[in-house]
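Okay, structure first, notes after.
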Amino acid sequence: MDILAGLNDAQKSAVETTRGPLLILAGAGSGKTKTLTHRIAHLLANESVWPNEILAVTFTNKAAREMRERLAQLTGQANTRGFMPWMGTFHGICVRLLRQDGDKIGIQANFVIYDEDDRQGLIKQAMKELSISSDQVKPRAVSSAISSAKNELIDPAEYAVTANYPFQQSVAKIYAKYEMMRKAAGALDFDDLLIETVRLFRESVEARNKYRTQFKHILIDEYQDTNAAQYNIVKMLVNDDHNICVVGDDWQSIYSWRGADFKNILNFERDFPGAKVVKLEQNYRSTAAILEAAHSVISKNVERTEKKLWTDAEAGAPVQVQGVYDEAEEAFAIASRINAQATIGARKYGEFAVLYRMNAQSYALERAFMQHRIPYQLVGGVRFYDRKEIKDVIAYLKLLFQPNDRMSFSRIVNVPTRGIGATSLEKFLLWQSNSGMDIISALINVEQTSTLQARAKNALAALGESLRSLQARIEAESNPSDIIEQLIESTGYRRYILDGTPQAEDREANLSVLVSDAKSFATLASFLEEVALMSSVDTASDEQKVTLMTLHAAKGLEFPVVFMVGMEDGLFPSSRALEEGPKQLEEERRLCYVGMTRAREELHLLYAQSRLQFGQRSYGSPSRFLEDMGHAVATMPSPSMQRHDDFTDFVMEYDIGDQVRSSQFGVGEIVDIDGMAVSVQFSTGVTKKLNVEYARLEKL
DNA sequence: CGGTTGCACTTTTTT
DNA sequence: AGTGCAACCG
């Protein structure tokens, strides 16, 4: 089997350069994953490297899975763990390292992983204990401040020193408290997984040397989206042979809001002197027309490397821009177009994707697709594992696995209702923390308390009993799926969700899915890990369904036909980016580039005159990115735009400063005009943005 | 203690 | 528009 067959010269060079640092600058659609996979296969087959000596880091679990499958195919081996190199996301790899060696820095092997919800819940509790009102300091903002601090490796003490503004001073206090409570619960949040690994390598020479020796070859995908903590992990893992290979494209860096810094890829040659650089510039994915349009957008960015992406492919159909009246018409236009091709068998539904800036934009599309009977799948949005009934059961499992996990306990203590309210819970937890027992032991011994009512005691003791017997099942190494089944029966959870409402059936079906999902895991630990780190974009693709997802989720994917919707200033680029300045605008532009380069044959860009946002109709103008494309695109006429142009003329009858009367709000003055929307300041003091089409204003 | 009702707030993007 | 949270009442 020739591993180099079917590769171009640049790709071959990347595969065969196995000694020393290697930087692969891979343009969109240049066969990056293929190159990486072949490189690993080459190491295994021709360079006598053992699988466990290779560490390959991908951006999503899905990417890791795909690479594993392709590698198995390429080497003719079964896709089994034993044969496979270490592959996974930074977070996944870190969990593995910390479970193994975390005890060296005081992390218990049975830590639980807190997701964003858990973290915000804990922050709220911390704020309560500190008597900080969530009116002035938003838990959400605190969470993001703590996350940024952690990703820059700033601990609570250091944060406090530089905290000048009142908000930062509040955050400093909450951050410290949060960390205390989190540690007491035996939990690590997403960011901890990374920074605790950094700490492990800093504080334990033994651990660091162990892995530096083990990993003879390290490969990192999507290197442009690594953050400071991840960068540190890489630096510390690379041994003196410097066999590190990173792949990335600064043009596709879209995660700076999460702490990613594409300077990491620009600085690679400085960090690893003598690095060889291979550029993959031939695009195998898109037509020339699509590539040209995408290029005309990205070239407006100032901060970027020079590249010349080229293709052998023919021009293909021109990129189409279409203006529509509103989000409903936008969705309708797409649905009709898809059905026109799908019903005659020209394309399968799975060949289409619709990309948008925000998850909320999926509503209108879903509605139209349902009306047109188009099968679709939503990637992201509300994840399966975010559903209430699933999170409840997971909370039970987390508590069983880590009996100090207060967050999970608080979530389930009264689910199903056991007559235990806030007061009883508080009393119990106070007693429990002073007793030195973990939560489950404390439940069993709850009769020793004096402060609780007999009724509450009985309920808590009963809960303790069923948890204890479940724990016994875990110790007997029962399959996670058996444990879940026993759990939903013995705790009364099944009876609880069958409440006679129409949703009861859905919930029960979801539980069944959970039970069957859990069947493929040997231990509770491995199942919980998968659940915690599973991202919403890790959904398997379905050939029979149109894919709907955010532009971010689309990274790394490709589709024959791509629709990008909501191409309006204020939405894409987002108003936030427009406010914050050129750096953010450039990131939005990269996001646009990423979206466009997902398309293989057809690319359609749509913008709407008006759009429902927060339940209010707002009016925007076409995205500046469409202007960037200039003549690289074809503009489609839209009949309804003509129709609605009449209204636009109508709007012009008003001017800023005009006095008007509204039957609803009284008399006021027009202070702003934006498309069909006029802002009126009424004599009552309130300012309303009104649609002249419906508001029936009377000009005075 | 628990359920209901009404209000306020949300919206970038995710491991 | 939908959801989460706080206050109120039974």
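Only heavy atoms go into these numbers, but all of them, side chains included; no hydrogens, no water, no symmetry mates. Just so it is clear: chains get the letters A, B, ... in the order the sequence lines come, proteins before strands, and each one is counted from 1. Here the structure is a predicted model, which means the values were calculated and not measured.
- For the OP1/OP2 pair of B:dC1 and a distance below 4.0 Å, the side-chain nitrogens and oxygens of A:Ser424 include at least one atom meeting the criterion.
- Closest approach to the A:Thr550 side chain among B:dT15, B:dT11, B:dT14 is made by B:dT14 (side chain taken as heavy atoms from C-beta onward).
- Looking at A:Glu587 and A:Lys583, no side-chain N of the basic residue comes within less than 4.0 Å of a carboxylate O on the acidic one, giving no salt bridge.
- A:Asn414 is linked by a side-chain contact (heavy atoms from CB on, under 4.5 Å) to A:Thr417, A:Arg418, A:Ile420, counting only residues two or more places apart in sequence or in another chain.
- Checked against the 6.0 Å centroid threshold, A:Tyr114 and A:Phe190 do not count as a close aromatic pair.
- Where A:Lys138 and A:Thr423 meet DNA chain B, the nucleotide closest to each residue was compared, and A:Thr423 sits on the side nearer the 5' end.
- When the nucleotides B:dT11, B:dT15, B:dT14 are ranked by their closest atom to the side chain of A:Ala553, B:dT14 comes out on top.
- Considering only residues two or more places apart in sequence or on other chains, A:Glu116 meets the side-chain contact (heavy atoms from CB on, under 4.5 Å) condition with A:Arg119, A:Gln120, A:Ser143.
- Comparing B:dT15, B:dT14, B:dT11 by their nearest atom to the side chain of A:Ala360 picks out B:dT11.
- Comparing A:Ala577 and A:His91 by the nucleotide of DNA chain B that holds the closest heavy atom to each, the one mapping nearer the 5' end is A:Ala577.
- Remark: A:Tyr496 pairs with A:Tyr493 by the ring pair (Phe, Tyr, Trp, His ring centres under 6.0 Å) rule, at least two apart or across chains.
- At B:dT11, none of the side-chain N or O atoms of A:Asn359 fall inside 4.0 Å of OP1 or OP2 (strictly under the cut-off).
- Aromatic rings from A:Phe409 and A:Phe428 are positioned such that their centres are separated by under 6.0 Å.
- Partners of A:Tyr178 under the side-chain hydrogen bond (donor to acceptor under 3.5 Å, both in side chains) rule, at least two apart in sequence or in another chain, are A:Asp189.
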Tabulated below should be each protein N or O lying under 3.5 Å from an N or O of nucleotides 2-4 of chain B; please produce it.
unit_1	atom_1	unit_2	atom_2	d
B:dG2	OP1	A:Gly419	N	2.7
B:dG2	OP1	A:Ile420	N	3.4
B:dG2	OP2	A:Asn414	ND2	3.2

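- Among the atoms of the strands shown, only primed sugar atoms or phosphate atoms (P, OP1, OP2) are found under 4.0 Å from some heavy atom of A:Arg140.
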Check the interface with nucleotides 1-8 of chain C: list each N/O to N/O pair with the protein under 3.5 Å, or write none.
unit_1	atom_1	unit_2	atom_2	d
C:dC5	OP1	A:Lys124	NZ	2.9

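- Ion pairing between A:Glu303 and A:Lys263 holds under the 4.0 Å rule for side-chain N and carboxylate O.
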